[in-house]
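Below is one structure, written out as structure tokens; comments come after it.
Chain identifiers are assigned alphabetically (A, B, ...) following the order of the sequence lines, protein sequences preceding nucleic acid strands; residue numbering begins at 1 within each chain.
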Amino acid sequence: MISKFLERSTYFLFTLPAVILYTLFFAYAVFVGIQYSFTDWNGISAQYNYIGFHNYIELWNNPNFKQSLIVTGKYAGMLVAGVMILSLILALSLNSLKKFQTFTKSVYFLPAMISAVTISLIWDQLFVRVIPPIGEALNVAALFQSPLAHPKYALIAVVVVNIWQAVALPTLIFIAGLQSVPSELYEAGRIDGASTFNRFRYITFPYLMPTITVNMVLAIKSGITSFDYAYTLTGGGPIKSTNVIGIMIYNDAFQNLKFAMANAESVILFIIIAVLSFIQIKISSKGGVH
Amino acid sequence: MRKSAKLSIIAVLLLSLVLTACGKDNAPGNENSGKSDSIKIEFFQQQGEEAIQNAYRKVIADFTKEYPNIIIDMNTVPDPVKVLTSRFATNDIPPLFTDYPTQLQFKEKVKNGYIENLSDQPFIKNINQKYLDMTPADDGGYYSLPYARNYMAVYYNIDLFEQNGVKIPTTYEEFIEVCKQFQSKGITPIYLPLKDVGHTFQATNIAFAPGGVEEMSKVANGEGQIEGNQVFLDFAKKLKELTEYANKDAFGVSNQMMQEAFANGQAAMIISGSYGRGNIKLANPDLKFGAFPLPNDTAETTTVLSGVNASLSISAKAKPEEKEAALTFLKYLARPEVAQKWSDVSGEPSIINGTTYGDEPLQPLLDFIDNGNVHDWMSSKIPSAIVTELYATTQGYLINNDTPEQYLKNIDETIKLNAVK
Amino acid sequence: MNFTIRQEGLGWRIIRNIILLIGIIIILGPMYLVIVNSFKSLEEAGRGFFSLPQSLNFSNYTELLSKGNYWRYVWNTTFITVGSIIMVLLINPTVSYAIARNRHKKYYNFVYVYILLGLFVPFQVIMLPLTKIMTNLNLLNPYGLILLYGALSLTRGVFLLVNYIQAMPTEIEEAARIDGCSTFQIYHSIILRLTMPMLVTLVIMDALWFWNDFMLPLLILNKAKEFWTLPLFQYNFKTEYSFNYTMAFTSYLMAMLPIIVIYAAGQKHIIAGLTEGAIKG
């Protein structure tokens with residue numbers, strides 16, 4: 001009896017632990033978080049009131065929030081472009097490497113092993129101790145200071161550090177994608193006299209499409225929700241030039257006594273990511289080989 | 001049956017994981033169930049500096065000798081301000097913690113009944129009146145034991161001053177004169193950490209614009225404006241003038257790097273918080289340095305930024321026996337001889353009556369603080385959210401090389417934008 | 001894949017090698033600076049930041065080991081990482097298998113969409129509510145963190161595994177069922193084996209996340225130093241010994257060391273595992 005019952009409900013039982021844990025520790029938390037965004041809770045008071053969309057309206061009129069969105073957009077844009085282009089170039093290079101392929105691959109994957117905080121702390125030191133001497137030696141005024149000190153270059157510097165680590169995993173995924181291209185197709189392309197670029201354009205690229213989607217979705221998400229690098233390297237400065245949404249949310253929630261507002265900010269972030277991912281998946285599902 | 005056996009093993013595994021997790025709570029404070037006569041309480045201590053941690057460790061060790069049944073478990077975490085906020089937010093308040101009683105955040109916590117009222121405790125009378133007066137909550141009660149004071153002042157390299165025959169300036173004019181003297185000799189006069197411009201902004205604003213904090217507080221309440229304020233214009237010009245005598249890479253320099261550079265003799269002066277002293281000593285134990293107030297136009301108008309350092313408070317939500325234990329510890333800490341020992345080890349000037357400060361070259365500054373004009377940190381009057389926004393505004397002024405007039409306009413805008421409506 | 005190599009011209013090979021070489025310098029350069037400076041005193045580093053240390057001076061290391069409870073943090077991080085990986089392996093493949101084979105049924109499709117939606121939620125939304133839930137459940141300890149990681153691993157795990165299992169042919173399963181195997185036996189002896197490449201990929205990605213995570217341990221494990229993980233230890237160093245940057249470099253290196261050792265020992269398998277999972281996914 002028991003065994004029959006178990007057999008019939010195995011699938012259901014399989015879902016149970018996951019559904020319970022996910023509901024308790026994730027869905028419920030999201031629900032509570034969204035709920036807070038409609039209150040005036042400052043984070044520590046015992047009482048709070050529901051105030052409808054007030055936080056959202058205020059955010060709409062808040063130039064700091066807009067500025068932060070723009071910074072985040074630039075950050076994500078640079079990160080996605082940098083990661084996608086670099087990892088594709090590296091994957092093509094690594095994949096065609098004959099000697100030392102294992103060694104080179106393991107060097108390139110090394111940054112993925114290290115935590116974002118460690119990487120940021122290391123680069124913070126390098127920016128300060130390596131760049132100014134170079135600037136003085138070359139007498140380039142822009143390099144007299146750490147790039148993190150300059151509102152124009154700080155964001156780029158932070159993104160560069162982020163890319164330094166973030167390229168590793170997409171590169172591997174691209175290599176995997178490259179290896180899924182049937183070799184007969186290249187053979188055929190060569191016989192037809194297609195140029196290297198055309199072979200890439202018409203043979204490699206369509207096969208890479210699914211991997212491009214995966215990498216793109218992950219890169220967009222990590223770009224928009226980024227926090228660790230900017231927080232450790234600049235704390236959002238100078239003059240807020242690196243004040244990404246992640247930092248704004250964190251500071252509002254834990255420092256500025258605006259907890260409910262911080263939740264409204266993160267709900268907006270959620271909507272942005274969802275919309276972008278949806279568009280991305282729609283676009284990429286039109287082309288490519290599945 | 002095999003399959004169901006396996007399935008139930010997984011279920012049991014999962015369940016046991018949950019149960020052990022719930023049942024076996026290793027958190028300090030709950031471990032005293034076995035021994036009924038001994039109690040362990042968590043002491044959430046916000047200052048991570050090595051010297052301060054050591055001082056507390058020593059004092060706690062002594063305390064345990066006297067009260068063997070009370071175990072004080074000091075807990076210091078990275079990013080403590082935010083961790084403490086999250087613990088209040090989640091109703092998981094440490095029974096004993098350090099916090100900043102002059103800040104509006106703290107007063108908010110008091111208002112919500114999270115913190116034990118200490119007004120009737122005898123040790124309140126042992127505290128330096130000047131600092132005690134900074135700490136009452138909105139209801140006039142005292143909710144913490146202020147233990148040390150901090151200040152922002154000019155630290156100067158005694159050897160460099162003596163070698164170059166430079167005297168300690170007492171007015172702003174003399175101060176600039178000193179800067180020029182060092183500059184002409186190829187010595188960086190003043191090392192500024194403009195990556196962490198915050199405390200430099202606070203120190204210079206309070207020094208050069210007496211009453212400025214109150215003006216800004218008014219703006220936050222929707223009255224008046226900073227634009228066109230002559231005192232602020234003077235402050236803005238002086239702040240910019242200071243940067244002319246600063247290190248070239250100032251905008252990339254953090255507080256810690258400033259301390260390091262000063263410790264290595266790379267500059268004659270820095271504007272530093274008292275908290276920098278320990279680091280400088282550790283980086284270079286042989287450096288001789290003293291302190292003087294950042295001077296305004298005249299000695300009479302010179303004001304030093306000085307406030308209460310992290311003070312000790314007891315959670316009102318703690319269990320009675322935890323409160324009792326925490327209170328015993330506070331009473332012990334407030335003894336002059338204990339405070340003296342703490343001050344000697346930490347290098348922080350104590351504000352318990354009957355203590356003396358061990359670092360002689362810094363004593364003149366403390367004397368000035370005891371007898372002269374003193375102002376508390378900005379966040380005692382203005383919400384800290386606005387204060388940190390002003391840091392960015394100030395950074396913008398210096399980096400973009402805006403006019404002082406534009407800077408004042410920006411200050412107004414920043415305050416209005418971030419004021420609580 | 002030799003065919004590509006034969007076709008590539010000399011020009012491309014030269015450019016490619018230059019690109020790869022520059023990349024290696026950019027990656028190993030910072031590592032070099034961290035390593036050499038961790039052996040220097042502050043004063044020596046001040047004299048030459050780029051040079052090799054004059055002697056192998058381990059004083060930074062001994063001081064660090066004497067001050068922090070380093071081995072405790074290594075143990076904690078290992079415990080949490082291994083525990084969480086066990087959680088991942090217990091709950092991810094089961095639910096993914098159930099979903100993949102029953103997508104036509106409402107409940108399973110709902111569970112799939114329900115979990116996938118989590119992919120879009122930024123961590124900041126749940127940060128504080130999560131801490132609150134954990135506090136109420138008295139789970140502010142390593143066990144609680146392991147449960148949390150298990151739950152949070154689901155979005156990516158289900159996303160990758162369901163697609164993977166759906167792409168697998170069902171013939172073997174059907175044959176096994178005719179032979180009288182139960183669903184659990186099929187899962188246990190067939191599915192787990194066939195999904196192994198993807199599971200390896202998932203485990204490596206998750207293990208790196210658990211090992212290096214900073215924010216969740218900070219929020220969940222702040223009750224006592226005994227609970228700390230390596231990232232907390234290392235971040236704390238920033239405040240405690242910030243003035244001493246060669247010491248800081250030592251702490252970065254020590255925080256990275258365990259995972260680098262594991263990586264050095266198993267890099268072939270790690271990279272192969274990651275690549276294989278991705279190919280078929």
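For the 3.5 Å distance criterion, the side chains of C:Y107 and A:T15 qualify, holding a donor opposite an acceptor. In summary, the side chains of A:T23 and C:Y114 do present a donor paired with an acceptor at a separation below 3.5 Å, with no hydrogens or angles considered.
Heavy atoms only, all atoms of each residue included: A:A18 and C:I91 are closest at CB-O, 4.2 Å. When all heavy atoms of C:Q234 and A:V117 are compared, the pair lying nearest together is NE2-CG1, 4.1 Å. Smallest separation of non-hydrogen atoms from C:P30 and A:W164: CG-CZ2, 4.2 Å. The minimum heavy-atom distance between C:A98 and A:F14, with the atom names listed, is CB-CB, 3.9 Å. What you find for C:Y263 and A:S106 is that their closest heavy atoms are OH-O, 2.6 Å. Pairing each heavy atom of C:R101 with each of A:Y11, the nearest pair is CB-OH, 3.8 Å.
In this structure, chain A has no heavy atom under 4.5 Å from any part of C:K105. C:L130 touches chain A through backbone and side chain together, each having a heavy atom under 4.5 Å away. Heavy-atom distances place the side chain of C:L28, and not its backbone, under 4.5 Å from chain A. Contact annotation for A:Y231: only side-chain heavy atoms (C-beta onward) come within less than 4.5 Å of a heavy atom of chain C. Contact of A:I224 with chain C is not made at all, since no heavy-atom distance falls under 4.5 Å. For chain A, no part of C:N37 is nearby; none of its heavy atoms comes within less than 4.5 Å. Of the two parts of A:L126, only the side chain, counted from C-beta on, holds a non-hydrogen atom closer than 4.5 Å to a non-hydrogen atom of chain C. Proximity to chain A involves both the backbone and the side chain of C:L20, based on heavy atoms less than 4.5 angstrom apart. Only the side chain of C:L154 comes within less than 4.5 Å of a heavy atom of chain A; its backbone N, CA, C and O stay farther away. If you measure heavy-atom distances from C:V34 to chain A, the contacts under 4.5 Å come from the side chain alone. Contacts of C:R156 with chain A are absent, with no heavy-atom separation under 4.5 Å from either backbone or side chain. Residue C:P231 does not touch chain A at all, counting heavy-atom pairs closer than 4.5 Å. Both the backbone and the side chain of A:K105 come within contact range of chain C, judged by heavy atoms closer than 4.5 Å.
For the pair A:F25 and C:M134, the minimum side-chain heavy-atom distance is below 4.5 Å. Side-chain contact between A:L24 and C:L137: present, with at least one pair of heavy atoms (C-beta onward) separated by less than 4.5 Å. Residues A:L97 and C:N17 have side chains in contact (heavy-atom distance under 4.5 Å, counting atoms from C-beta outward). Using a 4.5 Å heavy-atom cutoff, the side chains of A:F26 and C:V121 are in contact.
Aromatic rings from C:Y108 and A:F12 are positioned such that their centres are separated by 6.0 Å or more.
Here the straight-line distance linking atom CE of C:M254 with atom OG1 of A:T118 works out to 13.0 Å at 0.5 Å rounding. We find the CD1-OH distance between A:I119 and C:Y252 to be 12.5 Å, quoted to the nearest 0.5 Å. Between C:F123 atom CZ and A:Y250 atom OH the span is 10.0 Å, to the nearest 0.5 Å. To the nearest 0.5 Å, the span separating NZ on C:K132 from OH on A:Y28 amounts to 9.0 Å. In this structure, CD1 in C:I26 is found 8.0 Å from OH in A:Y108, a value given to the nearest 0.5 Å. Expressed to the nearest 0.5 Å, how far CG of A:L169 lies from CG of C:L208 amounts to 8.5 Å.
In terms of non-hydrogen atom pairs under 4.5 Å with chain A, the most contact-rich of C:L117, C:I262, C:L119, C:T183 is C:T183. Counting heavy-atom pairs closer than 4.5 Å to chain C, the top-ranked of the candidates A:L86, A:V167, A:I249 is A:I249.
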